[in-house]
2 protein chains.
Amino acid sequence: MSARHDELVRTSARLFAERGYHGTSMADIAAAMGVQKGSLYSLTDSKQALLVEAMRGGAAAFHDALDAVAEDATAVDRIRDALRAHLRVVAAQLDVATVFTREWRFLEGGALEEIRVARRRYEERWQALFREGVEQAELRADLDAEAAALLVLSAANWAYTWLRPGTDTDRLADRFLAILVDGWRGYATPGPG
Amino acid sequence: MSARHDELVRTSARLFAERGYHGTSMADIAAAMGVQKGSLYSLTDSKQALLVEAMRGGAAAFHDALDAVAEDATAVDRIRDALRAHLRVVAAQLDVATVFTREWRFLEGGALEEIRVARRRYEERWQALFREGVEQAELRADLDAEAAALLVLSAANWAYTWLRPGTDTDRLADRFLAILVDGWRGYATPGPG
DNA sequence: CCTACCGATCGGTAGG
DNA sequence: CCTACCGATCGGTAGG
């Protein structure tokens with residue numbers, strides 16, 4: 001709603017990312033906002049509500065990033081776009097990405113289930129990119145699509161632990177792709193067929 | 001020291017993995033041990049000391065796993081052994097692996113620095129496996145060893161979030177390797193040269 | 001947005 | 001290993 005509310009959500013996400021949800025007190029958040037902790041409750045219902053809001057921001061950012069991937073490109077190009085988009089979100093919203101990836105398990109009740117669904121759907125969208133690549137014979141027929149998706153998503157999900165803001169994430173995505181597409185051995189790479 | 005002490009460390013690791021370090025109280029741990037919380041302090045100095053002990057167990061398990069990798073094998077075989085060994089540790093000691101990977105940042109003082117060093121050294125040992133593979137011309141000359149290590153370590157480090165005890169981790173490692181060695185496109189794979 | 005407060009719980013200790 | 005307790009802090013509320 002208000003700008004002050006948005007600032008509160010961003011500040012909480014930052015502290016949750018730094019110290020963890022249970023390691024952050026409402027007094028910590030209030031100090032970072034420059035007010036007394038009682039004052040926070042005119043901007044939010046509870047500490048849990050702040051976690052829910054940060055989490056929804058993360059879910060939306062990652063799904064929106066995938067939405068922007070071109071529909072009509074080749075499988076490898078689409079996966080490249082998806083990985084670039086994911087890493088861009090991590091670098092641009094490192095706190096929210098961290099909370100989304102690491103602190104979601106402290107959600108309670110319906111919000112926990114909601115975010116679990118959003119996370120599962122995100123993984124399924126990634127797996128689909130690989131299955132389509134195999135079906136359209138752009139990726140090798142015996143490719144283990146499940147393992148391939150798990151590998152690239154692991155790198156994408158682990159990124160919050162080491163990615164620094166300001167990194168050229170498009171180039172980083174390409175470095176990963178250069179390995180994943182042709183492998184460590186990487187014999188000469190003629191076109192398919 | 002005592003069997004009761006070991007049980008306390010294992011129980012704490014399990015709760016730290018489930019609820020997080022700051023989400024676990026000494027009363028929670030005492031209840032899981034079937035005693036009153038005051039009784040825990042004859043077995044440990046503090047909650048922080050329990051985290052330190054779990055963490056040292058994790059560091060030792062991962063380093064020991066790498067120590068067991070054959071010295072005289074090819075680079076790909078050594079990396080395969082290393083990944084198998086890592087995933088075996090994760091599956092066999094899921095709680096400790098989770099704490100080591102996710103809760104280390106709640107260590108304080110010298111123990112934090114100690115574990116940071118152990119984690120960094122572990123990553124460097126992995127990078128060395130790739131550099132040696134390139135130097136010995138078993139992996140392609142233009143391989144981005146840093147990105148290659150980051151990729152496989154991401155999968156290894158992310159594993160605690162989805163790996164179930166009882167999984168055939170050697171087979172899982174091989175599924176990952178099948179993709180990483182020859183890539184998604186995977187043209188016919190003649191021997192080098 | 002502040003002050004003042006609530007009951008509950010925190011990690012840890014004393015004394016047995 | 002227990003009971004009883006410590007001061008500090010927790011998330012949250014009332015009333016202004």
Side-chain angles (χ1 to χ4, degrees), chain A residues 1-56 95 99 102-112 115, chain B residues 1-56 95 99 102-112 115:
Chain A
M1 289 299 194
S2 72
R4 193 68 176 148
H5 173 86
D6 291 349
E7 192 182 341
L8 173 58
V9 173
R10 277 199 309 274
T11 300
S12 320
R14 177 168 61 80
L15 292 174
F16 293 161
E18 282 173 13
R19 311 176 191 183
Y21 177 69
H22 286 301
T24 304
S25 70
M26 290 302 272
D28 292 336
I29 298 171
M33 293 286 288
V35 297
Q36 298 301 312
K37 71 167 178 168
S39 310
L40 297 179
Y41 290 88
S42 59
L43 296 167
T44 186
D45 284 343
S46 65
K47 182 181 166 185
Q48 175 75 199
L50 293 173
L51 182 63
V52 171
E53 286 203 73
M55 209 65 65
R56 288 195 178 131
D95 297 330
V99 172
R102 192 165 58 187
E103 305 293 322
W104 63 268
R105 65 209 163 102
F106 300 122
L107 287 169
E108 298 160 9
L112 175 59
I115 292 296
Chain B
M1 288 302 194
S2 72
R4 193 68 176 150
H5 172 87
D6 292 348
E7 191 182 343
L8 172 57
V9 173
R10 277 199 310 276
T11 300
S12 321
R14 176 168 62 80
L15 292 175
F16 294 161
E18 281 173 13
R19 313 177 189 181
Y21 178 69
H22 286 303
T24 304
S25 70
M26 290 302 271
D28 293 335
I29 297 171
M33 293 285 288
V35 297
Q36 298 300 312
K37 72 167 177 168
S39 310
L40 297 179
Y41 291 87
S42 60
L43 295 167
T44 186
D45 284 343
S46 65
K47 182 180 166 186
Q48 175 75 198
L50 293 172
L51 182 63
V52 171
E53 286 203 74
M55 208 66 65
R56 287 192 178 133
D95 297 330
V99 172
R102 190 164 61 188
E103 305 294 321
W104 64 268
R105 64 208 164 102
F106 300 121
L107 287 169
E108 297 161 9
L112 176 59
I115 292 296

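In the text below, chain A, chain B and the rest are named by the order of the sequence lines, each starting its count at 1.
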Just to confirm, is there a sub-4.0 Å distance from OP1 or OP2 of D:dT9 to any side-chain nitrogen or oxygen of A:S25? no

Between P on C:dC10 and NE2 on A:H22, what's the gap in Å once rounded to a whole number? 11 Å

So do the side chains of A:R14 and A:T11 get within less than 4.5 Å of each other, counting heavy atoms only? yes

A:R4 CZ - C:dC1 C1' separation (whole Å): 9 Å

In whole angstroms, how far is the C1' atom of C:dA8 from the CE atom of A:M26? 17 Å

Close side-chain approach of B:L43 to B:S2, heavy-atom, < 4.5 Å: yes

From C-beta outward on B:K47, which listed nucleotide comes closest to its side chain: D:dC10, C:dG11, D:dC1? C:dG11

Look at the rings of A:F16 and A:Y21 and say which category their plane angle falls in: under 30° parallel, 30 to 60° tilted, over 60° perpendicular. perpendicular

Interatomic distance, A:F106 CZ vs D:dC10 C1' [rounded to whole Å]: 16 Å

Stepwise, does the side-chain contact (heavy atoms from CB on, under 4.5 Å) test hold for B:E18 with B:L15? CA-CA 5 Å; B:E18 281 173 13; B:L15 292 175; 3.9 Å; yes

Are B:Q48 and B:L107 close enough, and set up right, to give a side-chain contact (heavy atoms from CB on, under 4.5 Å), and what steps lead you there? CA-CA 7 Å; B:Q48 175 75 198; B:L107 287 169; 3.8 Å; yes

Could you give the CZ-to-C1' distance, from B:R19 to C:dT9, as a whole number of Å? 15 Å

Here DNA chain D, pairs taken as Watson-Crick or G-U under 3.5 Å and shown with ( ), [ ] when crossing and | when to another strand, reads ||||||||||||||||

Under a 4.0 Å heavy-atom cutoff, the residues of residues 35-46 of chain B touching DNA chain C are B:K37, B:G38, B:Y41, B:S46

Answer yes when B:R4 and B:E7 have at least one side-chain N-carboxylate O distance shorter than 4.0 Å, and no when they do not. yes

Are the side chains of B:F106 and B:L112 in touch, meaning some heavy atoms are under 4.5 Å apart? no

Inter-residue atom distance A:D28.CG - A:M33.CE, 0.5 Å rounding: 13.5 Å

Pairing residues for B:R10 by the side chain to side chain donor-acceptor pair (under 3.5 Å) criterion, not counting sequence neighbours: none

Whole-Å distance, B:L50 CG to C:dG12 P, equals 9 Å

